[in-house]
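Worksheet for the structure shown next.
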There are 2 protein chains.
Amino acid sequence: MLRLSTKGQYGVRAMYEIARGYPETPITIKEISERQDVSVAYLEQILNRLRKAGLIRSIKGPGGGYILDKSPENISIASILNELEGPVALTSCLDPEGGCVRVDSCVTHLLWKALGEQVEAFLRTITLKNLITGDFLKVSKGQSVRAKPKSQSIKESKAMTLLKL
Amino acid sequence: MLRLSTKGQYGVRAMYEIARGYPETPITIKEISERQDVSVAYLEQILNRLRKAGLIRSIKGPGGGYILDKSPENISIASILNELEGPVALTSCLDPEGGCVRVDSCVTHLLWKALGEQVEAFLRTITLKNLITGDFLKVSKGQSVRAKPKSQSIKESKAMTLLKL
DNA sequence: GTAATACTTGACAGAAACAGTAGGGTATTA
DNA sequence: TAATACCCTACTGTTTCTGTCAAGTATTAC
């Protein structure tokens, strides 16, 4: 249950590749395509939306490509997925668009709401920088948090709290 | 993103109705259908799977219906959803069935894994009893946890920790 | 024993979402 | 002006979802 679409998955992986070139080296779609094994045409769709959302910038012509529009520590996984898949909405009830007819009588309404909020909170704490440095991976494996205390931003330490649950 | 299927949603709501009759009063599909506004035929499919999973028991003939096979505090939302939608698997990579070809090279693999585990942990802590007593709802609204200390099981207090994040 | 109640099972079908392709266009550089 | 590289829209096959339908089995009450 709760499958993430390929658009979201590829989007995060593409952003990871773009982030690696930050702040100077643009990466072409072709390169992302080869490294992440996703077709150029499909990536075009995905990156287009992320560009319109202001997460990345594009440079046309030879030597061009894509580059982050903010620093990696300021781009969360949540912001990427929100653009590509919309906000977390476990039920149509909770979709910002269509309203719920039976909010009050629905016992499960607050359950789904709470879960959705927790997921969003989690995704907001993980940034592209975490993906690049691998801090996140170490923490999720249960390694010592205090091994690299000075590199921990506030956001990162929040992510750790969540992961240690 | 991350929409829950109606099967899962209806399943939980149906289980809530069945739980209300525990341990003595069986409830018919027809009654659940009317209370939760879901067709009888669709509920039949759903309840069948929950019965085969051992969560509920059925009694045929007049006066029959469905009844829980365990006490409400021993049936978690996770166990219901797992039967109806399978385990949380944000990517096909993480599906217990199909294996991942590029586990090691995939930077995001552990991210989705960690998120999935967190969601499962959350759903395991919420039980049908929480739904019935409404304890869960109070907590999720940020009310004092210590207001009813004696009714708190270990599981419930875990859920609260999660909700307070 | 028979009629009414209620669960059991498998097949099927329309709708929606997903995943990806195709084919044209525009801007920039050398 | 040719090559590079991004830009945009439309479309289509596949899968999943969301149910319905129809026929069957078991139990109870009388």
Side-chain angles (χ1 to χ4, degrees), chain A residues 1-11 13-14 17-18 21 25-34 36-53 55-67 69 81 84-86 89-93 95 97-98, chain B residues 1-11 13-14 17-18 21 25-34 36-53 55-67 69 81 84-86 89-93 95 97-98:
Chain A
M1 61 169 143
L2 298 181
R3 190 69 48 105
L4 212 58
S5 78
T6 57
K7 250 187 177 111
Q9 294 175 51
Y10 296 167
R13 275 155 57 186
E17 294 294 342
I18 296 170
T25 319
I27 182 174
T28 66
I29 285 190
K30 191 150 169 282
E31 251 179 302
I32 299 172
S33 166
E34 284 160 4
Q36 291 293 336
D37 199 28
V38 178
S39 84
V40 168
Y42 201 20
L43 277 172
E44 278 174 342
Q45 270 185 45
I46 293 167
L47 295 184
N48 231 299
R49 287 167 71 162
L50 296 174
R51 181 180 54 80
K52 283 174 182 164
L55 296 178
I56 52 178
R57 206 156 20 92
S58 61
I59 300 165
K60 290 186 175 181
Y66 287 92
I67 200 149
D69 212 18
L81 293 181
L84 296 173
E85 307 200 23
L90 290 143
T91 64
S92 55
C93 260
D95 199 310
E97 308 292 319
Chain B
M1 60 169 146
L2 298 180
R3 189 69 50 103
L4 213 57
S5 79
T6 57
K7 245 182 180 120
Q9 294 175 50
Y10 296 166
R13 275 154 59 186
E17 293 295 343
I18 296 169
T25 320
I27 182 173
T28 65
I29 285 191
K30 189 149 169 282
E31 252 179 300
I32 299 173
S33 165
E34 282 160 4
Q36 291 292 335
D37 199 28
V38 178
S39 84
V40 168
Y42 201 21
L43 278 172
E44 281 173 343
Q45 268 185 45
I46 293 167
L47 295 184
N48 230 295
R49 286 166 71 162
L50 296 174
R51 180 179 54 81
K52 285 176 182 166
L55 296 179
I56 53 178
R57 207 156 20 94
S58 62
I59 300 164
K60 290 187 175 180
Y66 287 91
I67 199 151
D69 212 17
L81 294 181
L84 296 172
E85 308 199 23
L90 291 144
T91 64
S92 55
C93 260
D95 199 310
E97 307 294 318

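Just so it is clear: chains get the letters A, B, ... in the order the sequence lines come, proteins before strands, and each one is counted from 1.
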Verify the contact: side-chain N or O of [X] to OP1 or OP2 of [N], cut-off strictly under 4.0 Å; return yes or no.
X: A:Tyr66; N: D:dA5; value: no
X: B:Thr6; N: D:dC17; value: no
X: A:Tyr10; N: C:dG20; value: yes
X: B:Arg51; N: C:dT8; value: yes
X: A:Ser39; N: C:dT21; value: yes
X: B:Asn48; N: C:dC7; value: no

Rounded to whole Å, how long is the line connecting atom [atom1] of [X] with atom [atom2] of [N]?
X: B:Leu4; N: C:dA17; atom1: CG; atom2: C1'; result: 16 Å
X: A:Tyr42; N: D:dC8; atom1: OH; atom2: C1'; result: 16 Å
X: B:Leu84; N: D:dG19; atom1: CG; atom2: C1'; result: 15 Å
X: B:Gln45; N: D:dA23; atom1: CD; atom2: P; result: 18 Å
X: A:Met1; N: D:dC17; atom1: CE; atom2: P; result: 13 Å
X: A:Leu2; N: D:dT16; atom1: CG; atom2: P; result: 16 Å
X: A:Ile67; N: D:dC6; atom1: CD1; atom2: P; result: 12 Å
X: B:Leu43; N: C:dA6; atom1: CG; atom2: P; result: 15 Å

Exam field: side chain [X] to backbone [Y], donor-acceptor pair closer than 3.5 Å:
X: B:Arg49; Y: B:Leu84; result: yes
X: A:Glu85; Y: A:Leu4; result: no
X: B:Ser33; Y: B:Val38; result: yes

Q: For A:Glu85 and for A:Gly61, locate the closest nucleotide of DNA chain C by heavy-atom distance; then report the residue assigned to the nucleotide nearer the 5' terminus.
A: A:Glu85
(Q) Under 4.0 Å, counting only non-hydrogen atoms across every strand here, what does A:Ile59 touch: a base, just sugar-phosphate, or nothing? (A) sugar-phosphate
Q: Could you tell me whether B:Ile29 contacts a base, only the sugar-phosphate backbone, or nothing, with contacts defined as non-hydrogen atoms closer than 4.0 Å?
A: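 Sugar-phosphate, backbone atoms only, no base.
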Q) Hey, what do you get for CD1 (B:Ile29) to CD (B:Glu34), rounding to the nearest 0.5 Å? A)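 B:Ile29 CD1 to B:Glu34 CD: 12.0 Å, rounded to 0.5 Å.
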Q: Consider the side chain of B:Ser58, meaning its heavy atoms from C-beta on, and name the nucleotide among C:dT21, C:dT8, C:dA27 that approaches it most closely.
A: C:dT8
Q. Of all the nucleotides listed (C:dT21, D:dT20, C:dA19), which has the minimum atom distance to the side chain of B:Ala41?
A. D:dT20
Q) After noting the C-alpha distance and the side-chain angles of A:Arg13 and A:Glu17, does the key distance pass the salt bridge (charged side-chain N to carboxylate O under 4.0 Å, His left out) rule? A) CA-CA 7 Å; A:Arg13 275 155 57 186; A:Glu17 294 294 342; over 6 Å; no
Q. Under 3.5 Å, is there an N or O donor on one side and an acceptor on the other linking the side chain of B:Glu44 and the base of C:dC7?
A.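 No pair found.
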